[in-house]
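Here is the structure we will look at.
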Amino acid sequence: MGRKKNTPSDRRFMMAHVVRTERISPNFVRLTLGGLDGLEARGDDHWCRLFFARQGQDVLQLPTRTTEIGWYLQYLATPKTRRPWVRAYTLRDARPDVGEVDIDFVIHGEQSGSIGPAAQFALDARPGDRIGFLDQGSAFTPDHPHDWTLLIGDETALPAIAGICRSLREDARGRAIIEIPTASDRQEFSAPAGVEVDWIVRDQSTQADGRPGELALRALTTATLPDGVVHAHAIGESKLATGARRYLVQEREVPKRNVDFVGYWRHGRPATS
Ligand SMILES: Cc1cc2nc3c(=O)[nH]c(=O)nc-3n(C[C@H](O)[C@H](O)[C@H](O)COP(=O)(O)OP(=O)(O)OC[C@H]3O[C@@H](n4cnc5c(N)ncnc54)[C@H](O)[C@@H]3O)c2cc1C
């Protein structure tokens, strides 16, 4: 995840609970999670790991080790029947004063029946449901001088791009390219006046082939980009993230260190845990 992380000082597993659920648009469910006392809000693309019970599990068993490697080894050593599901999500909003966060889940595969356990959890969630929470800090930490910021992602990156835009300096310049499934999935968020946000709507395009991220990548390759040194952050479906980086480095001669990229998910492959 990026070069340098803005990681939490107090890393611990927290047992959160669902406070509210809301279908905010055709392809997003927002869960408000509570019980996160002591959480520090970091802004930018602050993300977490969420742990939730598999079907038939009455007890949500969370790891006790908290180092990055330690918890995962402990998790892998736990028989599958007792392990929870684990998935990565961005904090769309955080209210540390009341120990709450909002998480926007993309609901994918609802029609095709190939929905993943995290999306299903979000769909079925009821107030009071328990969910494990591990703070991961933020990954957007450009550590080199730059004149403008490029953000590109699919719908899973919308919460991160919104958080980064909200955290940028008021005089920042930049461009955000966000691909979303339908026009109704667009969200308002605050961004500096110098940051232009381009929404690419999949179901309005005749060129979409079903793989999220393709259209955003195409938009990047035809975009007129601002002058000056860029810091780019490419996130979302893995081919979008790697493709954007390859394009910027090979075709626009952007130095590799100026491009961070994170594959959030892989088309056709479930997350590994
Ligand atoms: C740092 C980080 C932050 C993230 N933040 C968010 C966030 O805020 N909101 C969010 O919705 N996601 C976010 N993601 C992506 C999310 O973790 C993945 O989409 C995850 O795989 C969803 O888990 P699942 O159990 O629903 O599906 P899985 O069990 O992982 O996958 C089941 C099937 O669904 C497919 N699939 C998975 N995700 C999608 C998708 N979005 N669209 C279409 N098909 C999909 C897989 O390819 C697979 O075929 C983030 C990922 C990372 C690494």
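Predicted model only: the values in this text are computed from it and were never measured. Every number for a ligand or one of its atoms is a count from 1 in the order of the listing.
- The backbone N or O of Gly236 lies less than 3.5 Å from no partner atom in the side chain of Asp154, so there is not a single donor-acceptor pair.
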Check against side chain to side chain contact (heavy atoms under 4.5 Å, CB included), Cys165 and Ile161: CA-CA 6 Å; Cys165 284; Ile161 293 176; 4.2 Å; yes

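- Looking at Gln120 against ligand 1, nothing comes within 4.0 Å, counting heavy atoms.
- In terms of N/O distances under 3.5 Å, ligand 1 is not approached by Gly263.
- Of the candidates Arg87, Arg266, Arg92, the one placing a heavy atom closest to atom 47 (O) of ligand 1 is Arg266.
- Residue contacts with ligand 1 leave out Pro212, since none of its heavy atoms falls under 4.0 Å from the ligand.
- Residue contact check: Asp104 has heavy atoms under 4.0 Å from atoms 7 (C), 8 (O), 9 (N), 10 (C), 11 (O) of ligand 1.
- Of the polar atoms of Ala271, at least one N or O is found under 3.5 Å from an N or O of ligand 1, judged by distance alone.
- Proximity of Gly109 to ligand 1 is not established, as no heavy-atom distance is less than 4.0 Å.
- By the 30° and 60° cut-offs, the orientation of the rings of His231 relative to His146 is tilted.
- Nearest residue to atom 5 (N) of ligand 1 from Val262, Leu50, Asp45, Thr90 is Thr90 (criterion: closest heavy atom).
- Listed by number with element, the atoms of ligand 1 under 4.0 Å from a non-hydrogen atom of Pro159 are 8 (O).
- Close approach of ligand 1 to His267 is summarised as follows: ligand atoms under 4.0 Å from at least one heavy atom of the residue are 47 (O).
- Taking all heavy atoms of Trp265, Tyr264, Phe121, Tyr89 into account, the minimum distance to atom 22 (C) of ligand 1 is reached by Tyr89.
- Here's the thing with Ala119: one of its N/O atoms is less than 3.5 angstrom from an N/O atom of ligand 1.
- Contact detail for Ala157 and Gly153: the closest heavy-atom pair is CB-CA, 3.7 Å.
- Scored by the ring pair (Phe, Tyr, Trp, His ring centres under 6.0 Å) test, Phe51 finds Phe13, Trp71 as partners (sequence neighbours excluded).
- Close approach of ligand 1 to Gly268 is summarised as follows: ligand atoms under 4.0 Å from at least one heavy atom of the residue are 47 (O), 49 (O).
- Residue contact check: Phe105 has heavy atoms under 4.0 Å from atoms 11 (O) of ligand 1.
- For CZ of Arg49, the number of neighbouring non-hydrogen atoms (other residues, nucleotides, ligands) closer than 6.0 Å is greater than 12.
- The shortest N or O to N or O distance between Trp47 and ligand 1 is not under 3.5 Å.
- Looking at Thr64 and Gln74, their side chains do bring a donor and an acceptor atom within 3.5 Å of each other.
- What you find for Phe28 and Glu155 is that their closest heavy atoms are CZ-O, 3.4 Å.
- Distance alone, capped at 3.5 Å, is enough to place a donor-acceptor pair between the Arg11 side chain and the Thr66 backbone.
- Side-chain N or O atoms of Asp185 include one that pairs as donor or acceptor with a backbone N or O of Asn27 at under 3.5 Å.
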